[in-house]
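First up is the structure itself, then whatever we jot down about it.
Residue numbers count from 1 along this sequence.
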Amino acid sequence: MTVITTAAQAAHTAAAPLRRAGPAGRAPSTLQLLRDTLQQEAAAGEPAPVPSASAAGHSVAAAMTQPSGGFSAKQIAALAAPLDRANVRQREQGRSSVSYLEGWQVIAEANRIFGFDGWQRQTIAQHCVNERERPIGRDQKPGWGVTYTAQVRITVGGPGRTPVIREGSGAGHGIDTDLGQAHESALKEAETDAMKRALMTFGNPFGLALYDKRQRQVSAAPAASSAAGPTAPRSVSAAVVARPATARPTPAAEAAAAPLDQATIQALQERIKALPVARREAFAKGFRAAFQVPEAQPSLAGLISTARHREWIEAFLGEAFAA
């Protein structure tokens with residue numbers, strides 16, 4: 001019989017008879033000896049450590065609060081929210097009107113939802129695909145027409161989080177009497193177009209809702225307030241009035257769409273949290289009705305973003321906004 005020399009084999013010998021050698025007279029393998037040792041320890045009554053109730057509860061709580069994927073619950077709620085119609089612009093293209101978001105608007109939304117340090121933009125390709133002389137304007141002045149294409153990569157994710165990467169391609173056209181100015185205009189437009197197409201894949205706030213011809217995920221605009229300003233939240237029928245898709249935005253609408261800074265948003269949220277429970281419930285119902293937030297949207301966190309939202313909240317709270 002083969003002599004056992006390892007420590008594991010010695011422990012096994014003290015607890016149970018040696019196993020017979022294999023068919024070819026070989027000693028048991030190391031894996032087999034390890035299995036035998038674990039079996040002996042289990043038979044000796046040494047149970048594996050069991051986590052305490054507090055530790056188990058902490059693990060369950062951590063698992064429940066951990067956001068799925070790379071986004072927090074607040075970010076997911078903001079990305080799933082309908083697009084605010086006050087942010088939508090119109091332009092004539094051919095014989096039809098096209099809805100779109102301006103470049104500064106999608107950047108402001110990215111800063112609001114992802115954080116100022118939570119996303120990156122990188123132009124990974126740019127090409128001048130056309131450059132030619134052409135007459136410009138009614139006077140038919142000699143000038144240039146230039147076209148660029150660009151590809152932009154958007155990376156979302158802070159430290160310690162798995163980055164989410166999206167890419168988009170776009171084109172830009174520059175027309176100017178100065179060739180350099182035409183190139184500059186075309187390049188900037190191409191990069192902005194590519195950026196918007198990449199960000200669009202993240203959800204409605206970045207223009208995804210506009211690809212639906214019926215625009216079912218674009219919120220209706222509220223009726224214009226009186227010169228004296230609103231004093232209380234309006235009813236659903238009075239507050240929610242859809243604006244025609246072809247309407248040109250007025251100066252008042254431009255001001256209403258102005259984004260709020262983070263300090264103002266946080267101050268409004270704190271005031272809402274301080275309301276009694278019944279009053280908070282009334283606020284939630286009124287806000288959903290005024291801005292057509294669907295019931296499937298579980299939280300209103302992250303939806304307060306523009307001056308129009310602030311005006312409605314101030315009216316609800318019955319206070320005048322102090323700059």
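If you chain together hydrophobic residues whose side chains sit under 4.5 Å apart, I304 and L317 fall into the same group. Using a 4.5 Å cut-off between side-chain heavy atoms of Ile, Leu, Val, Met, Phe, Trp and Tyr, with links allowed through other members, V106 and V98 fall into different hydrophobic clusters. Hydrophobic clustering (side-chain heavy atoms under 4.5 Å, transitive across Ile, Leu, Val, Met, Phe, Trp, Tyr) keeps V218 apart from L208. Transitive grouping of hydrophobic side chains (ILVMFWY, heavy atoms separated by less than 4.5 Å) brings W144 and L187 into a common cluster.
Hydrophobic cluster of I175: the remaining members, joined at side-chain heavy-atom separations below 4.5 Å, are I136, listed by chain and number.
At least one side-chain heavy atom of V146 sits under 4.5 Å from a side-chain heavy atom of L179. At a threshold of 4.5 Å between non-hydrogen side-chain atoms, the residues M195 and T192 count as touching. At least one side-chain heavy atom of I313 sits less than 4.5 Å from a side-chain heavy atom of F283. At least one side-chain heavy atom of F202 sits less than 4.5 Å from a side-chain heavy atom of F71. Side-chain contact between T306 and W312 is absent, with no heavy-atom pair separated by less than 4.5 Å. Looking at F206 and L83, their side chains never come closer than 4.5 Å, going by heavy atoms from C-beta outward. Within the 4.5 Å cutoff, no side-chain heavy atoms of D176 are placed close to those of S185. Two residues are said to be in side-chain contact when any heavy atoms from C-beta on lie closer than 4.5 Å; V88 and Q215 fail this criterion.
Applying the side chain to side chain contact (heavy atoms under 4.5 Å, CB included) rule to D261 yields the partners A263, T264; only residues at least two apart in sequence or on another chain are considered. Applying the salt bridge (Lys or Arg N to Asp or Glu O under 4.0 Å) rule to D212 yields the partners R216; only residues at least two apart in sequence or on another chain are considered. Scored by the salt bridge (Lys or Arg N to Asp or Glu O under 4.0 Å) test, D193 finds R197 as partners (sequence neighbours excluded).
Between the CE atom of M200 and the CG atom of L101 there is a distance of 11.0 Å, given to the nearest 0.5 Å. To the nearest 0.5 Å, atom CD1 of residue I272 and atom CZ of residue R279 are 11.5 Å apart. Separating the OG atom in S72 from the CZ atom in F114 is a distance of 10.0 Å, to the nearest 0.5 Å. In this structure, NZ in K74 is found 12.5 Å from CG in L79, a value given to the nearest 0.5 Å. Here the straight-line distance linking atom CD of Q90 with atom OG of S96 works out to 10.5 Å at 0.5 Å rounding. How far CD of E189 is from OH of Y148: 13.0 Å, rounded to the nearest 0.5 Å.
Across every non-hydrogen atom of I113 and A78, the tightest pair is CG1-CB, 3.9 Å. N204 and A81 get closest at one heavy-atom pair: CB-O, 3.2 Å. The two residues S219 and P82 have their closest heavy-atom pair at N-CB, 4.3 Å. Smallest separation of non-hydrogen atoms from G168 and A194: O-CB, 3.4 Å.
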Report, one line per pair, each donor and acceptor closer than 3.5 Å where one atom sits in a side chain of residues 150-158; sequence neighbours left out.
unit_1, atom_1, unit_2, atom_2, d
Q151, NE2, E167, OE1, 2.8
R153, NE, E167, OE2, 2.8
R153, NH2, E167, OE2, 2.8

Listed pairs under 3.5 Å, donor-acceptor, residues 121-131 side chains, sequence neighbours left out:
unit_1, atom_1, unit_2, atom_2, d
T123, OG1, E191, OE2, 3.2
E131, OE1, H183, NE2, 2.9

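Counting only distance, with no hydrogens or angles, the side chain of R280 and the backbone of K273 share a donor-acceptor pair below 3.5 Å.
Using a 4.0 Å cut-off between a side-chain N of Lys or Arg and a carboxylate O of Asp or Glu, R112 and E109 qualify as a salt bridge. A salt bridge does not link E314 with R310: every distance from a Lys NZ or Arg NE/NH1/NH2 to an Asp or Glu carboxylate oxygen is 4.0 Å or more.
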Residue pair W119, V164: steps toward the side-chain contact (heavy atoms from CB on, under 4.5 Å) verdict: CA-CA 9 Å; W119 68 289; V164 179; over 6 Å; no
